[in-house]
Structure formats: C-alpha cells, structure tokens
2 protein chains.
Amino acid sequence: MNIGQAASASGVSAKMIRYYEQIGLLPAADRRDSGYRDYDTEDVHRLGFVRRARDLGFSIEQIRSLLALWSDAGRSNADVRAIARTHLKEMEEQARKLQDMIATLQALVGSCEKGARATCPIIEELGDHHPAPAAPTKARRRAA
Amino acid sequence: MNIGQAASASGVSAKMIRYYEQIGLLPAADRRDSGYRDYDTEDVHRLGFVRRARDLGFSIEQIRSLLALWSDAGRSNADVRAIARTHLKEMEEQARKLQDMIATLQALVGSCEKGARATCPIIEELGDHHPAPAAPTKARRRAA
DNA sequence: GCTTGACCTTCCCATGATGGGAAGGATTAG
DNA sequence: CTAATCCTTCCCATCATGGGAAGGTCAAGC
C-alpha cells in the first residue's frame, strides 16, 4: 500500500513516516518501480507501535530501544521496564515542575483577585518589587 | 554595562538577550561607539522580569503582553489576571495529559512487574494486543 | 607603547517533532 | 487523453536555546 494508506491505517502522518525512515527509526520502506514507498500490514503494525509509544510521551530514542526490544524474542522484561521507568521518572519530574508553576501562579492570581490594590501582585512579583540592583545581591540567580 | 554583566545580573544569557532584542520582545539596547550593547539598571530590571515570567512558563507572546502591562501605568489588574489565567489553564491541561500518561505507564509497568510472563504487557500494549513481535521473520528488509 | 586574553559583534547551524508548501513525476478515474 | 489525486524530494518554519566561527574591542600587565 501507498504511504498515504499506511498513514491513515496507522495514525502516523505521511510526513512523519518519511521522517522516521530518514532518521533510521524505521527501516527504509520497499519501493515500487515508480519510486513510491510500499507498505504491508507488518509495517502498519510497527507504525502503530510507534504512534502509541509517542502517545505515551516516549522520545524517539526511547522508541528506538523499545522497537528493538519489541522484535527481540530474547528480550527481558526488565529491559523494557527500565526504559519505561526512566520515562516515568522524567514525566514525574516534569509534572512536579508544572505543579510548582501552577501553584505559584494560582497563588498570584488569587492574591491579585482578593486585594483591590492598584498594584497587581503578579506584576509586582515578576518585577521583583524594586528597581534591580546592579550587582547580584540576591544569591538566587542561576548562572547563565 | 556590557551584555555579559547584564546577563549575570539578570540571569538571562547573553544569547537570549540578543534573541529577545531581535524578536522585538525588548527594545534595542543602546550601543557604544564600539558597537557594544550598553545596559543600565532599568534594562536589567526588565530582563529579570522576563526571566521570572519564563520561570513561570509564560510564552514569549504572553510575556510580551505582560511587559506592556508592566510599564502601563493605566493597566487594569484584570488584564494581567486574564493572561495569567489563560496560562494557568494551559498548564493545567498540560498537567492533566501528563498525569494520564503517567497513570497509564505506571499501570503497565506494574503489571509487567507482577506477572512473570514472558510477554511484557508494555510491549503488548504498544503492539496493540496483536501477536506481534514477528521479528523480521520476513527478511525482506535490510536491517535498520 | 604593545601583547594577551577576555569580551563583544554578527552569522550560521543544531536541537525535537511536526507541519507547510513548491516543483515535478506517477497513478487512477472518467 | 485528461484532470485530479497521489507520490517524490527539497527547503522553510516552528520555539527557545545553545554552540561555534570569524573578526573587532577593551582592559590589564609589562
């Protein structure tokens, strides 16, 4: 089947299929005489695998490993779990940061709502309360 | 002061300062005869504002609006809150998606640990429950 | 003075994953 | 046969950030 059909069958766009092939995530597809790529059901199955892994937020490199394990009869579940756990940790860390930002911003919005002050706490906080000193007097700066 | 000093004083890298100027987020800095950019404490203050907004996950475009409101004496807190709330919603949505992915993956890892089955549920799920591995039984492709 | 090293300038390239679109060839339906 | 639709490759853009090269400037030491 053509790339367009493989795309709609797998849920991966034709653009992405070509991209995955280009970066070596997928083997180069067979070509017809015309130069058109040709896919079979196994290819579509693999594309679906990739799409579901992407839906779970796995990176391309992680999917590369998962694909290798997928087709490795002698794989160990521990290997797969290791990749999944690494990804889980990354996502949990990301979620923590996000929650921190949300909490901070919620607090700011809340105090901006309550106080009918002219000075909005959101703006005040971002402005760090005063014209910045030239020297990093506050040690909380991170190195550039 | 030079861009490097403004960078360490504000916590925004020199690269980013130039970038922000280039995209018009910040006004073009004064130049000395040498061509060096020249910053004063107000510039550093503004840079700090931008950095703190970035730390809260605001996009460049949102910061553009916040900056305008910051220097607008006649701003309304409601305008600021609107931007903050929009951003808050985006982050909350992002957090929900992330939590979904985490929960799904945690469940998969959990079931992969409990069952000592040869077939890892993670791989099975990604393979859409079809038998699968079907390691390149068909050696019709060159290895990736 | 002059040298040296740190700093600045602009410009180009890369990331990660995705999409848009152009130019041109292939296939297919009518 | 023709027109529409598909395919090909190639280039560009995103978003925010960094790396690095080539070359100019500044400040400190001798």
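Nothing here was measured: the structure is a model prediction, and the numbers come from that model. A note on names: the letters A, B, ... follow the listed sequences, proteins ahead of strands, and every chain is numbered from 1.
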Can you tell me the distance, in whole Å, between the CZ atom of A:Arg64 and the P atom of C:dA17? 10 Å

Atom CE of B:Met16 to atom P of D:dA16: distance rounded to whole Å? 9 Å

Is A:Asp55 salt-bridged to A:Arg51, cutoff N-O under 4.0 Å? yes

With a 4.0 Å cut-off on N to O distance, would you call A:Glu61 and A:Arg64 a salt bridge? yes

Would you mind telling me which residue lines up with the more 5' stretch of DNA chain C, A:Asp33 or A:Ser13, judged by nearest nucleotide? A:Ser13

For B:Ile63 and D:dA16, what is the distance between atoms CD1 and C1' respectively, to the nearest whole Å? 11 Å

Integer-rounded Å distance: C:dG25 P and A:Arg32 CZ: 19 Å

Restricting to nitrogen or oxygen on both sides, can you table the protein-nucleotides 1-3 of chain D pairs closer than 3.5 Å?
none

In whole angstrom, what separates B:Ile17's CD1 from C:dC7's P? 14 Å

Every protein N/O lying under 3.5 Å from an N/O of nucleotides 8-10 of chain C:
unit_1	atom_1	unit_2	atom_2	d
C:dC8	OP1	B:Gly4	N	2.6
C:dT9	OP1	B:Arg37	N	2.8
C:dT9	OP1	B:Arg37	NH1	2.9
C:dT9	OP2	B:Arg18	NE	2.9
C:dT9	OP2	B:Arg18	NH2	2.8
C:dT9	O3'	B:Arg31	NH1	3.4
C:dT10	OP1	B:Arg31	NH1	3.3
C:dT10	OP1	B:Arg31	NH2	2.9
C:dT10	OP2	B:Arg37	NH1	3.0
C:dT10	OP2	B:Arg37	NH2	2.9

Is it true that a side-chain atom of A:Asp38 and a backbone atom of A:Met1 form a donor plus acceptor pair closer than 3.5 Å? yes

Could you state the OH-P distance from A:Tyr19 to C:dT18, rounded to the nearest angstrom? 8 Å

B:Glu92/B:Lys89 salt bridge by N-O under 4.0 Å criterion: no

Interatomic distance where CZ belongs to A:Phe58 and C1' belongs to C:dA17 [whole Å]: 17 Å

With the side chain counted from C-beta on, respond yes when B:Glu42 and B:Arg46 share a heavy-atom pair under 4.5 Å apart, and no when they do not. yes

Distance check needed: D:dA16 P versus B:Gln62 CD, whole Å only. 10 Å

